[in-house]
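Below: the structure, in structure tokens.
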Amino acid sequence: MKLCICGGGTGGHLMIAEALLEVAVARGHEVIFIGSTSGQDQKYFKNSSKFSDVYFLDTSGVVNKRGFGKIKALWAIIKAFFTARKLLRKHKIEAVYSVGGFSAAPAAFASITCGLPLFIHEQNAIIGKLNTILKPFAKSFTSAYDKSSSIKGYPVKKIFFDSAHTREDIKTIIFLGGSQGAKAINDLALSVAIKLSERGIKIIHQCGEKEYERVQDTYGMLGIDVELYGFTKELHTLISRADLAVSRAGASTLWELTSNGLVAFFIPYPYAAADHQYHNAHYIVANNLGWCHREGEDLEALLTSLLDENLKEKSQKLLTLNSKNVAELMIKEVEKVVM
């Protein structure tokens, strides 16, 4: 089978693409990727050895634009749509899997006009505008939050399941601001660093490349020994060593933590479209398997109050929420239609 995976923009979308790619290649399929020159698509896949070919088209997000900027972004997507049609035909693609994000638009619409089966994964609890438009045309629409989804769970790379284990006491905390960094989480980490150090709790911190120098200098002034990263693709290793995560609530990160059994204190990005990060985290909090607090609350006091928590029950239940074969089921669903 010749498959095109499209979408991206953020690491969350691209991690789903990686999970699907891993399974598809293992099952003997040829896979190409169509993404964007904007966002993080090139950082993830420009030098990928598993995709047979990768393409980055000149597109950007539309929702966050106004006036002429919105028209310009729409025009770029229209031009990229025609390029995507040529690429699908050139590679004799038999199906397209959209993982969402503005990067998905050209190839997803091209698949419809070329008469190719379109499959969609929605990563968030609130359906994005692009996926709302595309859903009626899709052969399958998969979402961990949608009760009508034929496939339950979230596609996470196997490596997060391989190192999954139950946590009990908090000996190491990992602060995750995402690849772009999150000032609120970075500031929280710095504000509690001395308290954590005094209690013998180790700190692992991914602060984002833009914030790295500031955060590193502040830890130095505080005299705190910390394992600090700007950006790393070895996040699975860091997560496996932690007992509690302080994190944004992007869907891929949320489900990677869940699949590894790592309980989290979520601080949703307040400007996420449709407040989807809050709703993502609410799915976990509603089952009493973690915590979620807004920026502006007394995050230092709230986090400090959790340091003596026994996490065993929450961690064990998290391990039952997802299945390691979700990505495989998604690819098998494509195979049933195409092969």
Side-chain angles (χ1 to χ4, degrees), residues 12 15 123-125 143-147 152-178 182 184-185 188-189 192 195-196 199-206 227 235-269 275-295 297-326:
M15 288 173 188
Q123 66 165 341
N124 293 307
S143 169
Y145 309 96
D146 188 344
K147 293 180 180 178
K152 308 302 179 186
Y154 195 96
V156 173
K157 292 175 72 176
K158 181 175 175 289
I159 200 162
F160 288 96
F161 291 99
D162 291 343
S163 61
H165 61 282
T166 301
R167 277 71 168 189
E168 295 187 27
D169 301 322
I170 301 175
K171 299 175 183 176
T172 301
I173 294 181
I174 185 168
F175 292 88
L176 298 171
I185 291 178
L188 173 60
V192 299
K195 290 180 182 177
L196 297 181
R199 295 175 64 112
I201 296 174
K202 294 181 62 176
I203 299 172
I204 301 173
H205 189 170
Q206 182 194 11
E227 193 173 336
L235 199 57
H236 58 278
T237 302
L238 306 183
I239 286 174
S240 70
R241 290 165 42 209
D243 305 301
L244 177 71
V246 178
S247 175
R248 289 301 198 198
S252 283
T253 298
L254 182 150
W255 285 99
E256 286 164 356
L257 299 176
T258 296
S259 301
N260 198 256
L262 182 56
V263 183
F265 179 99
F266 291 110
I267 306 171
Y269 177 55
D275 202 19
H276 68 256
Q277 287 204 7
Y278 174 81
H279 293 282
N280 291 348
H282 182 71
Y283 180 84
I284 299 297
V285 175
N287 288 287
N288 194 31
L289 299 179
W291 299 271
C292 176
H293 295 286
R294 299 280 195 178
E295 288 186 16
E297 296 183 53
D298 190 351
L299 298 176
E300 181 179 347
L302 290 165
L303 177 58
T304 301
S305 70
L306 302 179
L307 298 180
D308 292 317
E309 285 270 344
N310 186 296
L311 304 177
K312 184 175 181 179
E313 184 177 350
K314 284 182 171 60
S315 182
Q316 286 178 332
K317 288 183 179 179
L318 283 175
L319 291 170
T320 68
L321 280 191
N322 203 15
S323 169
K324 68 171 63 177
N325 68 339
V326 174

Checklist entry - Under 4.5 Å between any side-chain heavy atoms of F266 and L257, yes or no? => result yes

Next on the checklist: In the structure I gave you, are the side-chain heavy atoms of L289 and L321 within less than 4.5 Å of one another anywhere?
Outcome noted: yes

Item to check | Donor on one side chain, acceptor on other, Q123 and Y154, under 3.5 Å | outcome: yes

Item to check | For the student: nearest non-hydrogen atoms of L319 and A164, plus distance | outcome: CD2-CB, 3.7 Å

Checklist entry - In Å, rounded to the nearest 0.5 Å, how long is the span from NZ of K324 to NZ of K158? => result 6.0 Å

Checklist entry - How far apart are the closest heavy atoms of S247 and T253, and which atoms are they? => result OG-CG2, 3.4 Å

Checklist entry - What residue pairs, at least two apart or across chains, pass side-chain hydrogen bond (donor to acceptor under 3.5 Å, both in side chains) with a residue in residues 303-312? => result R199-D308

Item to check | Heavy-atom pair of closest approach, residues D275 and H279 | outcome: O-CD2, 3.2 Å

Item to check | With D146 via side-chain contact (heavy atoms from CB on, under 4.5 Å) - residues at least two apart | outcome: K135, F141, S143, S148, S149

Checklist entry - For V326 and K152, which heavy atoms make the closest approach, and how far apart are they? => result CG2-O, 3.5 Å

Checklist entry - After noting the C-alpha distance and the side-chain angles of L235 and L176, does the key distance pass the side chain to side chain contact (heavy atoms under 4.5 Å, CB included) rule? => result CA-CA 10 Å; L235 199 57; L176 298 171; 3.6 Å; yes

Checklist entry - Nearest 0.5 Å, what's the OG-CD1 distance between S240 and I174? => result 9.0 Å

Checklist entry - Can you name the side chain to side chain donor-acceptor pair (under 3.5 Å) partners of Y145, sequence neighbours left out? => result W255

Checklist entry - Does L262 reach the side chain of L318, with side-chain heavy atoms less than 4.5 Å apart? => result no

Checklist entry - Among all residues two or more places apart in sequence or in another chain, which pass the side-chain contact (heavy atoms from CB on, under 4.5 Å) test with H276? => result N124, I126, A272, A273, N280

Next on the checklist: Quick check on Q316: does its CD atom have over 12 non-hydrogen neighbours (other residues, nucleotides or ligands) under 6.0 Å away?
Outcome noted: yes

Next on the checklist: Counting C-beta onward and ignoring hydrogens, is there a side-chain heavy-atom pair between R248 and I267 closer than 4.5 Å?
Outcome noted: yes

Checklist entry - CG/L254 to CD/Q277 distance, rounded to the nearest 0.5 angstrom? => result 9.5 Å

Item to check | Whether T166 side chain and S315 backbone form a donor-acceptor pair below 3.5 Å | outcome: no

Item to check | Partner residues of I203 under the side-chain contact (heavy atoms from CB on, under 4.5 Å) criterion, sequence neighbours left out | outcome: F175, A193, L196, H205, Y219, I224, V226

Item to check | Inter-residue atom distance H236.NE2 - D162.CG, 0.5 Å rounding | outcome: 9.5 Å

Checklist entry - From H165 NE2 over to N260 CG, what is the distance, rounded to the nearest 0.5 angstrom? => result 6.5 Å

Checklist entry - Is the backbone N or O of T172 less than 3.5 Å from a side-chain atom of D243, with the two atoms forming a donor-acceptor pair by type? => result yes

Item to check | Set of residues satisfying side-chain contact (heavy atoms from CB on, under 4.5 Å) with respect to H293, sequence neighbours excluded | outcome: F265, W291, E297, L299, L302

Checklist entry - How many angstroms lie between CZ in R241 and CD1 in I204, if you round to the nearest 0.5 Å? => result 4.0 Å

